[in-house]
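Each remark here refers to the structure printed beneath this line.
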Amino acid sequence: MTIRSVLAGTGSYLPARVVTNQELAATVDTTDEWIVERTGIRERHIAAEGELTSDLAVRAAESALEAAGVKGEVLDLIIIATTTPDNTFPATATKVQARLGANRAMAFDVQAVCTGFVYALAIADNFIKVGQAKTALVIGAETLTRLVDWKDRTTCVLFGDGAGAVVLKAENNGNGASAGAIRNSPPKGILSTHLHSDGRHYDLLYVDGGPSSTQTTGQIRMDGRDVFRHAVNNLSSVLEEAMQANGVTAADIDWVVPHQANRRILDSTLRKLGLPEEKLVVTIDRHANTSAASIPLALDEAWRDGRIQPGQLILLEAMGGGLTWGAAVIRL
Ligand code: ACO
């Protein structure tokens with residue numbers, strides 16, 4: 001038998017305030033038509049004044065713990081993927097830990113920008129597989145609009161705030177992953193994770209501040225066209241790698257739950273792999289790009305509305321600053 005990380009529950013939280021493209025166009029030199037055509041975004045949620053990343057994370061975590069029937073005090077591990085921690089240190093995860101009463105857990109943050117959730121999931125999965133944790137909470141939480149330069153129309157229209165979370169439980173199930181085995185007697189849980197980064201492209205997408213460089217928080221800077229090109233290439237390549245590692249093809253995949261950066265990136269990536277649009281979980285129109293939060297937000301939505309069903313095979317994928325990118329293959 002093999003120890004696997006099984007998804008026991010999901011949760012999410014979006015701040016109450018919704019800002020439409022039309023509202024943005026009142027203060028930014030842009031239009032609803034431009035934003036929808038180039039990105040697929042129609043609106044985004046923006047955190048209230050004083051509402052912090054930890055507040056969003058706690059709400060998402062509570063809902064995931066409830067769905068999983070797990071109490072905070074049994075958690076061994078809490079990881080928050082975030083680019084927008086409450087403070088430079090300590091980790092926002094420790095604040096969330098205290099509010100969940102998860103006093104046994106080890107808690108830390110992971111920084112891989114938009115790929116953060118896939119990185120955090122892979123780390124938690126590895127902790128579980130080596131037996132160092134039995135119950136883990138993985139959160140993607142962001143108040144990304146606080147890093148936005150509202151005078152830069154090429155970036156400020158793209159982002160939103162939110163949080164999503166999953167509870168993972170260690171379970172003995174299935175034999176080691178082998179190509180045919182996955183199709184014939186499918187094991188449950190995270191089947192594989194695939195992480196990459198290429199620091200040569202650090203300057204394509206970054207924040208122009210930080211404690212060591214400017215002692216300010218800074219704002220998002222991006223070469224959108226180049227990021228777009230790398231996103232389509234890297235995402236299709238990591239998805240192919242993920243399917244190949246499990247001996248499955250596009251026809252075996254029930255759902256792709258991608259990082260929601262741009263509708264055109266999603267469509268181009270899917271086309272390259274021969275995956276139909278109907279298999280894509282899309283939230284970009286309502287959430288915009290919530291960085292590390294976008295995958296667990298989309299996953300929670302599709303799980304709760306019944307699209308995603310037990311036994312199905314799902315692919316997660318993301319790319320973000322660094323550049324970083326990755327994928328995960330999960331049998332529910
Ligand atoms: N409203 C109106 N016009 C705009 C806006 C705006 N908000 N932003 C840019 N424009 C104008 C530009 O000034 C330019 O005008 P010009 O031709 O007169 O110079 C024109 O629109 C075209 O600009 P491009 O930058 O070439 O537009 P493009 O089609 O590349 O779309 C976009 C820009 C949406 C940013 C796209 O490049 C993109 O999505 N890139 C990926 C970036 C991304 O998703 N980053 C998120 C983080 S990384 C990740 O999550 C994968």
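Model, not experiment: these values are computed from the prediction. Order of appearance sets the numbers: ligands from 1, and atoms from 1 within every ligand.
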Closest heavy-atom pair, Gly50 versus Arg146, reported as atoms and distance to 0.1 Å, is N-NH2, 4.3 Å
Would you check, one step at a time, whether the test side-chain hydrogen bond (donor to acceptor under 3.5 Å, both in side chains) holds for Thr290 with Glu142? CA-CA 6 Å; Thr290 57; Glu142 301 279 17; over 6 Å; no
Among all protein heavy atoms, pick the one closest to atom 44 (O) of ligand 1 and tell me residue, atom and distance. Ala261 CB, 3.6 Å
Decide, yes or no, whether a salt bridge links Lys151 with Asp149 under the criterion of side-chain N to carboxylate O below 4.0 Å. no
Closest by any non-hydrogen atom to atom 6 (C) of ligand 1: pick that one out of Asn234, Thr30, Ile220. Thr30
Nearest non-hydrogen protein atom, atom 25 (O) of ligand 1: Arg225 NE, 4.4 Å
Evaluate the 4.0 Å heavy atom contact test for atom 19 (O) of ligand 1: does a protein atom fall under the cut-off? no
Regarding atom 23 (O) of ligand 1: of the candidates Met222, Arg264, Arg229, Arg38, which has the closest heavy atom? Arg38
Looking only at N/O atoms, are His259 and ligand 1 under 3.5 Å apart anywhere? yes
In terms of side-chain geometry, is the basic nitrogen of Glu301 or Arg307 positioned less than 4.0 Å from the acidic oxygen of its partner? yes
Measure the distance from atom 48 (S) of ligand 1 to every protein heavy atom, then report the residue, atom name and distance (to 0.1 Å) of the closest one. Leu205 CD2, 3.3 Å
Does Ile46 belong to the same Ile/Leu/Val/Met/Phe/Trp/Tyr cluster as Phe159, with side-chain heavy atoms less than 4.5 Å apart forming each link? yes
Do NZ/NE/NH1/NH2 and the carboxylate oxygens of Arg271 and Asp267 come within less than 4.0 Å? no
Which protein non-hydrogen atom lies closest to atom 46 (C) of ligand 1, naming both residue and atom, and how far is it? Asn289 ND2, 3.3 Å
Does any donor atom in the side chain of Ser237 or Asn234 lie under 3.5 Å from an acceptor atom in the other side chain? no
Any salt bridge linking Glu277 with Arg263? Criterion: basic side-chain nitrogen under 4.0 Å from a carboxylate oxygen. yes
One thing to verify: whether Asp208 and Arg221 come together as a salt bridge, which I'm taking to mean a side-chain N less than 4.0 angstrom from a carboxylate O. yes
If hydrogens are left out, which of Arg153, Gln260, Glu37 has an atom nearest to atom 11 (C) of ligand 1, that is, the closest non-hydrogen atom? Arg153
among protein heavy atoms, the one nearest atom 38 (C) of ligand 1 is Asn262 ND2, 3.5 Å
Test item: protein heavy atom less than 4.0 Å from atom 28 (P) of ligand 1: yes
Could you tell me whether Arg42 and Asp285 make a salt bridge, using a distance below 4.0 angstrom between a side-chain N and a carboxylate O? no
Please identify which atoms of ligand 1 are closer than 4.0 Å to at least one heavy atom of Val227. 42 (C), 48 (S)
Who's the nearest protein heavy-atom neighbour of atom 10 (N) of ligand 1, and how far? Trp34 CZ2, 3.3 Å
Classify the contact between Thr39 and ligand 1 as side chain, backbone, both or neither, using a heavy-atom distance cut-off of under 4.0 Å. side chain
Among protein heavy atoms, which lies nearest atom 49 (C) of ligand 1, and at what distance? Met319 O, 3.4 Å
Any protein heavy atom nearer than 4.0 Å to atom 32 (C) of ligand 1: no
Contact check: Cys114 vs ligand 1, nitrogen or oxygen atoms, below 3.5 angstrom: no
Tell me: protein heavy atom nearest atom 40 (N) of ligand 1, and distance? Gly224 O, 2.9 Å
If you count the atoms of ligand 1 from 1 in the order shown, which ones are under 4.0 Å from a heavy atom of Val157? 7 (N)
Between His45 and His287, what is the ring plane arrangement, given parallel below 30°, perpendicular above 60°, and tilted in between? perpendicular
Could you tell me the separation between the CG atom of Asp300 and the OG atom of Ser63, rounded to the nearest 0.5 Å? 5.5 Å
